[in-house]
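Below you'll find the structure, written out as structure tokens, and then a few comments.
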Amino acid sequence: MKTSYVKSVFLMLITGLIFQSCAKDDSLASEATVEELRGGGRGGGNGNGNGNGNGNGGNNNQDNVDRISNDLIFKWTDQMLAVEQYSTGMRPNASARALAYMNLAAYETALPGMRGNISTTEQLEGLEISRNLLPNRIDYEIALNAAYADVLDHFMINLPQDKRESIGTFEALQESILTDGNVSNDVIEDSKRWGEYVAEQVIAYSQTDAEAEQQILEPQPLSYEPPTGDGYWTYSADPERALFPYWESVRTFVVSTDQTTTIAPIEYSSNPGTAYHDEMLEAYTANNAAKTTDPEELWIAEFWSDDVENLMISPPARQFSIANQLLKKYDLNLAESLTLLVKLGFSMNDAAVSTWKYKYEHMVMRPSNYIHEFIDPDFQTNLFRLVYWPNPSFPGYPSGHSCFASAAGGVFIDFFGDQTNFTDRTHADATDFQGTPRNFKKFSDMAAENAFSRIPLGVHIRMDCAEGLRLGYEIADGINELRLKRQPQ
């Protein structure tokens with residue numbers, strides 16, 4: 001009797017489990033069928049169509065952003081690049097920060113439709129975005145269009161009027177393209193409100209970083225006077241005053257300055273034959289050779305310069321130009337593109353904070369000052385013909401260009417692997433300097449070329465570039481540990 005009872009219970013349990021499993025399978029099958037019928041809004045179904053398959057337009061807020069192409073992201077990144085070079089007084093630090101917040105807003109705008117992705121509000125204390133305000137039906141591209149316009153207009157300061165107006169004109173053009181189809185007015189307005197709301201929340205969050213907000217208004221503070229000593233960086237006139245000397249106090253997103261390390265620079269010496277003098281002599285020789293006998297080195301130096309406002313984008317923005325080209329090369333979808341760009345933004349911001357901390361800690365002088373005093377009083381950098389003030393107005397060690405290059409390079413390697421076949425066409429249309437596209441087989445090679453291009457340009461010595469490259473990869477390692485996808489159960 002007891003054995004019979006146990007067998008009966010066992011059979012009942014097995015039957016129940018089988019029934020639940022079948023019911024779950026039926027539910028999953030039904031869910032898949034519903035998803036197929038929805039069409040996923042713009043980009044759903046065939047990846048191009050508006051609406052959701054029932055003629056109402058827009059897409060349910062649970063739809064999958066993975067179905068949408070990255071075309072709008074590509075266009076807005078291009079628009080950012082078109083105005084960033086004219087945003088004076090920002091490069092490179094304020095630009096790096098702006099790019100981080102702009103791409104944070106884009107990521108959070110589309111996040112509800114990015115299945116399995118995690119909100120950065122789980123890591124960023126003080127950033128609040130309420131899902132309760134998410135409309136029932138939303139077109140994520142329309143929402144993104146509105147968000148991009150608001151954050152670009154806010155963070156790109158000191159723009160000429162025509163460049164600022166171009167942001168609104170571009171937004172209106174994209175909206176007309178995105179709404180030219182089966183999208184209801186309610187969905188259009190709801191989607192725009194969501195994008196604007198997320199942009200407002202991100203802007204409000206950025207404004208809680210009082211240090212950054214204050215320093216952006218006074219990038220070369222008169223209150224700062226550099227310490228003096230043999231081999232120390234200093235300025236010779238007001239235009240060369242220290243740029244962002246207090247930037248180490250600015251907020252980081254992932255990697256704080258307490259989590260990075262620094263290696264002491266080579267000991268200063270004016271004596272020939274010492275390691276320090278040898279590096280200065282190398283910069284002098286490489287600069288002059290590029291100018292006279294080594295055209296490829298001059299090409300490399302100018303190709304990666306990105307020093308000159310109104311002529312070139314900033315060094316952090318250059319990495320977004322590269323990323324934008326990679327979006328197309330690797331055919332990323334919208335969710336993948338937003339994930340890459342938000343990580344890249346975080347890496348640029350955090351690289352700027354740590355690099356500037358160590359610059360003003362080590363206070364290493366620029367090559368031209370040393371060369372004028374100990375090697376050649378008539379020395380001119382290869383940057384001189386492009387800008388009146390040829391010395392970047394901050395200490396040399398570590399190199400900011402080098403740190404931005406490897407911080408971005410490390411993110412690209414984590415995303416795509418190191419092996420590539422990539423041609424950077426950022427400056428393909430340049431006429432005032434050598435911007436002929438260059439091809440790279442490895443992202444690490446591209447980062448290294450960018451870093452050491454500062455030597456033939458005449459503005460850094462080798463130890464500056466090597467330390468910047470090392471620090472950037474250290475920051476990239478921390479960024480790559482940030483997981484924006486939930487682990488499957």
Side-chain angles (χ1 to χ4, degrees), residues 40-44 47-50 59 63-84 95 98-115 117 119-120 138-156 166-179 191-192 194-196 198-199 202 313 316-348 408 411-412 415-416 422 424-426 484-485:
R42 179 172 289 103
N48 298 311
N50 294 324
N59 57 294
D63 276 343
N64 198 339
V65 170
D66 293 351
R67 297 174 176 178
I68 306 175
S69 78
N70 62 20
D71 188 56
L72 182 70
I73 308 305
F74 185 85
K75 289 178 179 178
W76 267 109
T77 303
D78 252 5
Q79 176 63 16
M80 177 277 292
L81 295 170
V83 301
E84 193 267 353
S95 285
L99 293 165
Y101 281 107
M102 284 189 283
N103 286 281
L104 170 60
Y107 177 85
E108 289 293 338
T109 296
L111 179 72
M114 295 164 63
R115 296 190 173 180
N117 279 63
S119 173
T120 59
I138 182 172
D139 185 308
Y140 283 105
E141 287 184 292
I142 294 173
L144 279 165
N145 190 55
Y148 268 120
D150 283 2
V151 290
L152 190 59
D153 183 66
H154 175 81
F155 286 104
M156 289 291 115
S166 72
I167 299 172
T169 302
F170 188 79
E171 177 190 17
L173 172 63
Q174 296 310 310
E175 183 178 326
S176 69
I177 294 171
L178 295 171
T179 57
S191 301
K192 288 169 65 176
W194 173 251
E196 290 163 358
V198 175
V202 170
I313 53 180
R318 176 62 174 275
Q319 299 305 324
F320 277 87
S321 172
I322 290 169
N324 214 30
Q325 297 170 71
L326 294 173
L327 301 186
K328 291 295 184 184
K329 174 178 173 57
Y330 288 97
D331 194 26
L332 302 187
N333 61 36
L334 186 65
E336 292 167 334
S337 298
L338 291 171
T339 302
L340 171 64
L341 294 179
V342 74
K343 282 192 165 188
L344 181 60
F346 289 170
S347 74
M348 294 297 95
V411 171
F412 295 149
F415 216 86
F416 303 109
F422 171 67
D424 182 6
R425 304 181 187 279
T426 296
L484 296 177
K485 296 280 286 185

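Position 1 is the first residue of the sequence, and the numbers go up from there. This one's a predicted model, so the numbers in the text were calculated from it and none came from an experiment.
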- prompt: Side chains of L338 and L111: closer than 4.5 Å at any heavy-atom pair?
  reply: no
message: Check this for me, if you would: do D139 and K192 make a salt bridge, where the nitrogen-to-carboxylate-oxygen distance has to be below 4.0 angstrom?
response: no
- prompt: Atom CG of L144 and atom CD1 of I73: how far apart are they, to the nearest 0.5 Å?
  reply: 5.0 Å
Value rounded to 0.5 Å, distance of NZ in K485 from CZ in R115: 10.5 Å
field: Side-chain touch N333/R67, heavy atoms, less than 4.5 angstrom
entry: no
query: Measuring from S347:OG to F412:CZ, what's the distance to the nearest 0.5 Å?
result: 7.5 Å
Shortest non-hydrogen separation from E336 to F415 and the atoms involved: O-CZ, 3.5 Å
- prompt: Is there a side-chain contact between M80 and L99 (heavy atoms, below 4.5 Å)?
  reply: yes
query: Shortest non-hydrogen contact from T426 to S321?
result: OG1-OG, 2.7 Å
- request: Indicate yes or no for a side-chain donor-acceptor contact from E108 to the backbone of V198 under 3.5 Å, with no hydrogens or angles considered.
  value: no
- request: Under the side chain to side chain contact (heavy atoms under 4.5 Å, CB included) rule, what do I313 and F320 come out as? Steps first, then yes or no, please.
  value: CA-CA 10 Å; I313 53 180; F320 277 87; over 6 Å; no
task: May I ask you to decide if L173's main-chain N or O and S176's side chain share a donor-acceptor pair within less than 3.5 Å?
output: yes
- prompt: Where do Q79 and S166 land on the side chain to side chain donor-acceptor pair (under 3.5 Å) test, with the steps shown first?
  reply: CA-CA 9 Å; Q79 176 63 16; S166 72; 3.3 Å; yes
- line: Nearest heavy-atom contact between A149 and I167 is O-CG2, 3.8 Å
- prompt: Do the side chains of I322 and F422 get nearer than 4.5 Å, heavy atoms only?
  reply: yes
- request: Over all heavy atoms of both residues, which pair between A146 and E196 is shortest? Give the atoms and the distance, please.
  value: CB-CG, 4.0 Å
- prompt: Of the options D71, T77, D78, which is the one that meets K75 in a side chain to side chain donor-acceptor pair (under 3.5 Å)?
  reply: D71
message: For a 4.5 angstrom cut-off between non-hydrogen side-chain atoms, does D153 reach Y148?
response: no
statement: Heavy-atom nearest pair, M114 first then A335, reads CE-O, 3.7 Å
Nearest-0.5 Å distance, CG of residue L104 to CZ of residue F346: 5.0 Å
- request: For the residue pair K328 and N70, establish whether any side-chain heavy-atom pair is separated by less than 4.5 Å.
  value: yes
query: So do the side chains of Y107 and N117 get within less than 4.5 Å of each other, counting heavy atoms only?
result: yes
message: As a quick check of understanding, evaluate side chain to side chain contact (heavy atoms under 4.5 Å, CB included) for M102 and M156, giving each step before the final call.
response: CA-CA 10 Å; M102 284 189 283; M156 289 291 115; 3.6 Å; yes
message: Looking at every non-hydrogen atom in both residues, tell me the closest pair between S69 and L334 and how far apart they are.
response: O-CB, 3.7 Å
Aromatic plane relationship, F170 with W76 - under 30° parallel, 30 to 60° tilted, over 60° perpendicular: perpendicular
task: Would you confirm whether Q325, through its side chain, and R425, through its main-chain N or O, come within 3.5 Å as a donor-acceptor pair?
output: yes
message: Rounded to the nearest 0.5 Å, what separates atom CG in L344 from atom CD in Q319?
response: 7.0 Å
- request: Would you check if F416 and L332 make a side-chain contact, meaning some heavy-atom pair closer than 4.5 Å?
  value: yes
- line: To the nearest 0.5 Å, atom OG1 of T339 lies from atom CG of L484 at 6.0 Å
